[in-house]
Amino acid sequence: MRAESKAKKGKGKVGTIVLFLALPVLLLIVFTYIPFVDMFKNSLTDWDGISETSNFVGLKNLRALTSLQTMQQASTIRENELM
């Protein structure tokens, strides 16, 4: 009998853990992972945020961003800032 009651308690604990973790994991997926994937998909298009149409441009946006002088300066660490 003792083994059966311990097994029932263990099943209840697992169910409680799953129940309490379901909502935070769902919120994490909905508010973090889905927007990240959508943002990445939009970065591969020329969509302006207003029009209904967008064209796939691939990594052209990333190349344009990394070629800007201000972005190159922002991504480098200057020795004077470290001292």
Side-chain angles (χ1 to χ4, degrees):
M1 267 190 123
R2 292 186 119 196
E4 287 178 18
S5 96
K6 284 185 180 182
K8 287 181 183 179
K9 285 183 182 180
K11 287 181 182 178
K13 286 182 182 181
V14 171
T16 303
I17 291 170
V18 169
L19 182 66
F20 277 101
L21 285 177
L23 182 61
V25 169
L26 178 68
L27 291 173
L28 178 71
I29 291 169
V30 167
F31 291 109
T32 304
Y33 297 144
I34 292 174
F36 178 79
V37 170
D38 191 43
M39 179 181 59
F40 182 74
K41 287 190 324 187
N42 286 336
S43 74
L44 299 176
T45 66
D46 65 352
W47 185 51
D48 61 2
I50 298 173
S51 64
E52 294 181 12
T53 60
S54 64
N55 299 317
F56 179 77
V57 294
L59 297 176
K60 182 179 171 185
N61 291 334
L62 182 61
R63 282 189 221 117
L65 185 64
T66 56
S67 67
L68 293 174
Q69 184 67 23
T70 54
M71 289 303 293
Q72 291 174 356
Q73 289 175 350
S75 65
T76 59
I77 299 175
R78 297 187 188 117
E79 291 181 18
N80 294 338
E81 293 176 1
L82 294 176
M83 294 183 183

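Not measured: the values here are computed from a predicted model. Computation of the quantities below employed the complete heavy-atom set of this structure, encompassing side-chain atoms and omitting hydrogens, waters and symmetry-equivalent molecules.
In this structure, the side chain of Asn61 engages the main chain of Thr45 through a donor-acceptor pair within 3.5 Å. For Asn55 (side chain) and Asp46 (main-chain N/O), no donor-acceptor pair under 3.5 Å exists by modelled atom type. Thr32 contributes no side-chain N or O that, together with a main-chain N or O of Ile29, makes up a donor-acceptor pair within less than 3.5 Å.
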Does the side chain to side chain contact (heavy atoms under 4.5 Å, CB included) test come out yes or no for Val57 and Leu44, once each step is laid out?
CA-CA 6 Å; Val57 294; Leu44 299 176; 5.9 Å; no

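Hydrophobic clustering (side-chain heavy atoms under 4.5 Å, transitive across Ile, Leu, Val, Met, Phe, Trp, Tyr) keeps Val14 apart from Ile17. Leu23 and Phe31 fall within a single hydrophobic cluster, where Ile, Leu, Val, Met, Phe, Trp and Tyr are joined by side-chain heavy atoms under 4.5 Å apart, directly or via other members. Taking hydrophobic clusters as Ile, Leu, Val, Met, Phe, Trp and Tyr residues chained together by side-chain heavy-atom distances below 4.5 Å, Val25 shares a cluster with Tyr33.
Legend: residues meeting side chain to side chain contact (heavy atoms under 4.5 Å, CB included) with Ser51, ordered by chain and number and at least two apart, are Trp47, Asp48, Thr53.
Within a 6.0 Å sphere centred on CZ of Phe56, other residues, nucleotides and ligands contribute more than 12 heavy atoms.
Residue Leu26 holds its CG atom at 12.0 Å from CG of Leu21, rounded to the nearest 0.5 Å.
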